[in-house]
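Each remark here refers to the structure printed beneath this line.
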Amino acid sequence: MESNLNNNTNTSSSESYWMANTTPPSFPELNENVNTDVGIVGGGITGITTAYLLAKKGYNVAIIEADQIITGTTGHTTAKITAQHDLIYDEFINHLGEEEAKQYYQANEEALDFIKQKVKQSKIECEFKEEDAYIYATTNKKAQTIEKEAQAYETLGIDGQYVDQLPIDFSIQAGIVMKNQAQFHPIKYLTHLVKELQNMGVQIFENTTAVDIIEGNEPKIVTKYGFQVTCKHVVSSSHFPFYDGKGLYFSRMYAERSYIVGGELKGEFAGGMYLSADKPKRSIRTANMNGKELLLIGGESHKTGQGGSSLQHFQNLKDFGKENFGIDSYLYNWGAQDLITLDKVPYIGQLTSRHSNIFVATGYRKWGMTNGTTAALLISDLIQEKDNPYQDLFSPTRFYADPSIKTFLSQNANVAAEFVKGKLSGGSKRAEDLRKDEGDTITYQNNQKAGGYRDTNGQLHIIDRTCTHLGCEVEWNDGEKTWDCPCHGSRFSYDGEVYEGPADKPLKKLN
Ligand code: FES
């Protein structure tokens with residue numbers, strides 16, 4: 001839910017390329033109680049695809065979305081449709097097992113195939129294009145990791161192999177290709193699905209925030225203004241789960257921000273989608289911008305609220321584009337938020353073992369197009385009481401001791417350290433020191449620390465930096481003009497409104 005980003009510091013747009021060029025249909029707010037078979041919270045790729053699959057089977061479905069459908073996380077992706085989710089298959093074989101690693105690949109390949117078939121059958125004009133996906137190493141150390149990944153591809157029967165050069169003019173030590181993956185324009189694809197939902201009678205409500213569930217045989221989704229959606233099944237596909245149900249999701253996932261810039265490419269692009277194995281990470285693909293090639297470069301990920309200046313992250317991507325592709329002006333830049341689970345496999349299935357009619361889908365890392373579609377295929381099967389081969393792999397109640405215990409301990413140690421650091425840091429500025437469009441931690445009345453932002457009209461906005469989730473101190477994000485929490489990734493507008501959970505209450509305004 002990042003529709004209000006306000007980056008005035010350079011000439012490029014802070015709106016994602018996908019959102020700048022398409023207008024999804026709009027829908028009314030929920031202003032009465034409704035009854036339905038399936039209530040879906042979250043109108044991104046997961047919620048829309050789940051609604052599509054179930055409505056086709058004759059279920060009555062309602063979607064409620066806190067902001068506008070399609071424009072949240074789904075509107076901020078790089079929109080690669082691939083099962084190549086970084087270098088993970090060797091790691092998955094070692095930590096989860098060969099069978100599970102293979103299932104992960106198959107589930108994502110099936111998701112890719114679902115999108116491909118849907119685009120073909122319905123003739124959806126969404127710039128769907130098959131491309132090979134590459135990961136490349138520029139250091140010896142990562143070249144060795146790539147060799148291991150190539151062995152994992154062979155073990156799992158993945159259609160791909162080790163390569164020593166790329167189709168693009170880019171010098172590497174080693175690379176690995178996964179064949180016949182794809183890319184598309186996610187908003188165009190989902191806008192078509194939404195039209196089909198409308199034809200099938202699916203009810204869609206926007207600007208309707210779900211805040212709670214009253215559990216029972218017929219659970220009720222409760223919205224911010226007190227209206228209820230009574231249903232037989234709830235699907236929580238709201239990026240961070242809006243309802244925890246004692247699943248403690250905030251302690252089992254962490255949030256990362258990353259950045260994307262887009263600039264017009266001079267000359268031809270040789271095709272392919274790319275990801276660096278080394279840090280800083282670089283993700284590369286092109287998009288068709290009115291017959292011209294728009295190069296999208298992503299990367300610079302860091303834990304939310306812990307990455308320093310986001311303006312600098314955008315600049316680093318632009319420098320990379322200039323150095324390697326000769327791009328010197330950029331039309332787009334935007335940020336994205338991703339949630340990562342303890343073992344890197346998404347949580348898809350029953351919210352907890354005692355919730356047989358409440359389902360959740362979250363923790364896609366950076367791979368929401370396939371993982372989101374996998375989630376829709378899996379949850380729609382579970383609701384229809386059909387067996388799905390991947391339900392154990394993605395079950396939110398699974399637990400693999402290695403690596404989960406290690407990741408759990410290091411994440412929670414990091415949260416504790418950030419909690420203390422936030423209480424001690426910042427505050428060397430006073431409100432009057434803030435220039436227009438500048439935000440920072442300031443020392444406020446009675447030497448109290450607070451978050452201050454002076455907007456472009458000169459008006460000062462002061463908030464209590466204490467995150468309304470569990471009390472860590474939020475940090476200023478200078479590129480996106482938001483307050484970001486370093487503990488579990490909640491994000492707030494410059495005047496404290498919630499953009500992303502787990503927090504569900506605004507920051508306290510002090511002026
Ligand atoms: Fe948990 Fe802020 S998101 S304390």
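In each ligand, atom 1 is the first atom listed, and ligand 1 is the first ligand listed. By convention here, the first residue in the shown sequence is residue 1.
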Verify, without hydrogens or angle tests, whether Asp478 (side chain) and Ser310 (backbone) share a donor-acceptor contact under 3.5 angstrom. yes
Let's go through Gln84 and Tyr89 carefully: what are the C-alpha distance in whole Å and the side-chain angles of both, what is the deciding distance for side chain to side chain contact (heavy atoms under 4.5 Å, CB included) to 0.1 Å, and is it a yes or a no? CA-CA 9 Å; Gln84 192 188 55; Tyr89 288 104; 5.8 Å; no
Dump the intermediate steps for disulfide bond (SG atoms under 2.5 Å apart) on Cys487 and Cys472, then the final yes or no. CA-CA 6 Å; Cys487 287; Cys472 291; 2.0 Å; yes
Salt bridge or not for Arg282 and Glu300, using N-O below 4.0 Å? yes
Would you mind reporting whether Glu110 and Thr373 have side-chain heavy atoms less than 4.5 Å apart? no
According to the interplanar angle, ranging from 0 to 90°, do the rings of Phe359 and His233 count as parallel (below 30°), tilted (30 to 60°) or perpendicular (above 60°)? tilted
Under 2.8 Å from atom 1 (Fe) of ligand 1, which protein N/O/S atoms are there? His469 ND1, His488 ND1
